[in-house]
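Presented below is the structure to which this report refers.
Not measured: the values here are computed from a predicted model. Quick note: numbers below take in every heavy atom, side chains included, and nothing from hydrogens, waters or symmetry partners.
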Amino acid sequence: MSCQSTGLRAGVLALALVSFAATNGRADALINYSTSGSIDSTGVSGPGVISFIPVTSNQFNSPSAFSLGDFQVAALPSGGSTTYVNTPFHITFLANSVNGEVPNPNDTPFQISGTLNGTITGASQSSVVAKFDPLTNPTFLTGNFLNTLSFTDNPLSLVPSTTNNGHASAQAYLNTEVRVPEPASIALFLTTLAGLGVRHRVRTRRAA
């Protein structure tokens, strides 16, 4: 093998390594997802008038804001009221596919929780807010993508039934990056590249 050919191959490998090691950056990913959710009865005084409407199937290009679903407030009779005191709610986010493929690994379902506090009065008054709990670990993997989830409106004010038919969208933001290769993988690649250089030097000496 000529020195020129060996040098070319080493150069190609070096460029591949640079590309391989520099994969930690923002990446557009088309995420198809669904959610589910529930509201506990704990801390509710009066008829339960708040429900959660999940997302059955939707998609967005991450990084982007997206809807986890809607809180909906139903109307109460005139003079009626319902009070929520630290009433827990739960939302589950599931990534069904990323760029048209089922992700592997897939760290979803991703669990989100929070509490409701405030009072619904009649059909046109609401002081209820939904406050999301801090995320212990906001990151999760979907295939070759590392995702970080955050909330855009926290706390979220819930509107009465006379405003937007009682719907308040729970918005989140997902930031997506390509996964960084593991240190062991980089070390193996460097070792291979170094070994190629040693072989080239040995062959050069033998040919001399």
Side-chain angles (χ1 to χ4, degrees), residues 28-98 103 106-142 145 147-176:
D28 292 331
L30 180 62
I31 297 179
N32 180 280
Y33 75 102
S34 57
T35 66
S36 59
S38 62
I39 298 172
D40 293 357
S41 58
T42 305
V44 181
S45 300
V49 291
I50 301 177
S51 58
F52 185 78
I53 302 175
V55 176
T56 55
S57 180
N58 203 353
Q59 62 184 21
F60 64 96
N61 279 298
S62 178
S64 174
F66 68 100
S67 176
L68 293 166
D70 289 0
F71 290 96
Q72 184 175 27
V73 177
L76 281 169
S78 179
S81 67
T82 297
T83 299
Y84 292 80
V85 179
N86 293 327
T87 300
F89 65 83
H90 312 276
I91 301 173
T92 300
F93 170 84
L94 175 64
N96 300 313
S97 66
V98 178
N106 188 354
D107 287 347
T108 68
F110 187 84
Q111 304 298 328
I112 298 165
S113 61
T115 54
L116 300 176
N117 282 281
T119 300
I120 305 296
T121 304
S124 60
Q125 296 182 37
S126 170
S127 65
V128 177
V129 294
K131 183 174 178 58
F132 294 94
D133 294 334
L135 297 172
T136 303
N137 183 9
T139 62
F140 59 92
L141 291 174
T142 50
F145 297 98
N147 309 279
T148 303
L149 188 142
S150 58
F151 305 115
T152 58
D153 296 312
N154 190 24
L156 171 67
S157 296
L158 305 193
V159 298
S161 63
T162 52
T163 302
N164 197 33
N165 200 29
H167 287 256
S169 178
Q171 293 284 311
Y173 187 89
L174 196 68
N175 185 63
T176 300

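Listed by chain and residue number, S113 satisfy the side-chain hydrogen bond (donor to acceptor under 3.5 Å, both in side chains) test with D133 (two or more places apart in sequence, or in another chain). The side-chain hydrogen bond (donor to acceptor under 3.5 Å, both in side chains) search around N61 returns none, not counting sequence neighbours. In this structure Y33 satisfies the ring-ring contact (aromatic ring centres under 6.0 Å, His included) test together with F60, F66, F93, sequence neighbours excluded. Residues passing the side-chain contact (heavy atoms from CB on, under 4.5 Å) test with S157, sequence neighbours excluded: V129. Taking F52 as the reference, F71 meet the ring-ring contact (aromatic ring centres under 6.0 Å, His included) condition, with sequence neighbours excluded. A search for side-chain hydrogen bond (donor to acceptor under 3.5 Å, both in side chains) contacts involving T82 returns nothing, not counting sequence neighbours. In terms of the ring-ring contact (aromatic ring centres under 6.0 Å, His included) criterion, residue partners of F110 (sequence neighbours excluded) are, by chain and number, F140. In this structure, the side-chain hydrogen bond (donor to acceptor under 3.5 Å, both in side chains) partners of T142, at least two apart in sequence or on a different chain, are N147.
Side chains of D40 and S38: no donor on one and acceptor on the other come within 3.5 Å.
Expressed to the nearest 0.5 Å, how far CG of N175 lies from OG1 of T148 amounts to 5.5 Å. Distance check: L116 CG to L156 CG gives 9.5 Å after rounding to the nearest 0.5 Å. Rounding to the nearest 0.5 angstrom, the gap separating the CG atom in N106 from the CG atom in L141 is 9.0 Å. Residue F145 holds its CZ atom at 8.0 Å from CD1 of I31, rounded to the nearest 0.5 Å. Here CG of L68 is found 14.0 Å from CD1 of I53. Values are rounded to the nearest 0.5 Å. The CD1 atom of I120 sits 4.5 Å away from the CD1 atom of I50 when rounded to the nearest 0.5 Å.
Across every non-hydrogen atom of A168 and L158, the tightest pair is CB-CD2, 4.0 Å. The two atoms that bring G37 and P54 nearest to each other are N-CB, 4.5 Å, heavy atoms only. Across Y173 and A65, no two heavy atoms sit closer than the pair CD1-N, 3.5 Å. L76 and P47 make their closest contact through CD2-CG, 4.1 Å (heavy atoms, listed as atom of the first residue, atom of the second, distance). Here the closest non-hydrogen pair linking I91 and F132 is CD1-CE2, 4.1 Å.
Using a 4.5 Å cut-off on side-chain heavy atoms (C-beta onward), Y84 and N86 make no contact. The shortest distance between side-chain heavy atoms of D28 and P63 falls below 4.5 Å. Using a 4.5 Å heavy-atom cutoff, the side chains of N32 and L30 are not in contact.
Under the 3.5 Å distance criterion, the side-chain polar atoms of T92 are left unmatched by any main-chain donor or acceptor of P109. Checking side-chain atoms of T35 against main-chain N and O of V55 turns up a donor-acceptor pair under 3.5 Å. When atom types are taken as modelled, the side chain of T176 and the backbone of A29 share no donor-acceptor pair closer than 3.5 angstrom.
Screening residues 118-132 for side chain to side chain donor-acceptor pair (under 3.5 Å) gives T83-T119 as the qualifying pairs, with residues at least two apart or on separate chains. Evaluation of the side chain to side chain donor-acceptor pair (under 3.5 Å) test over residues 42-55, restricted to residues two or more places apart or in two chains, returns none. Judged as a side chain to side chain donor-acceptor pair (under 3.5 Å), the pairs with a partner in residues 160-172 (not counting sequence neighbours) are, in order, S67-S169, D70-H167, Q72-H167, S169-Q171.
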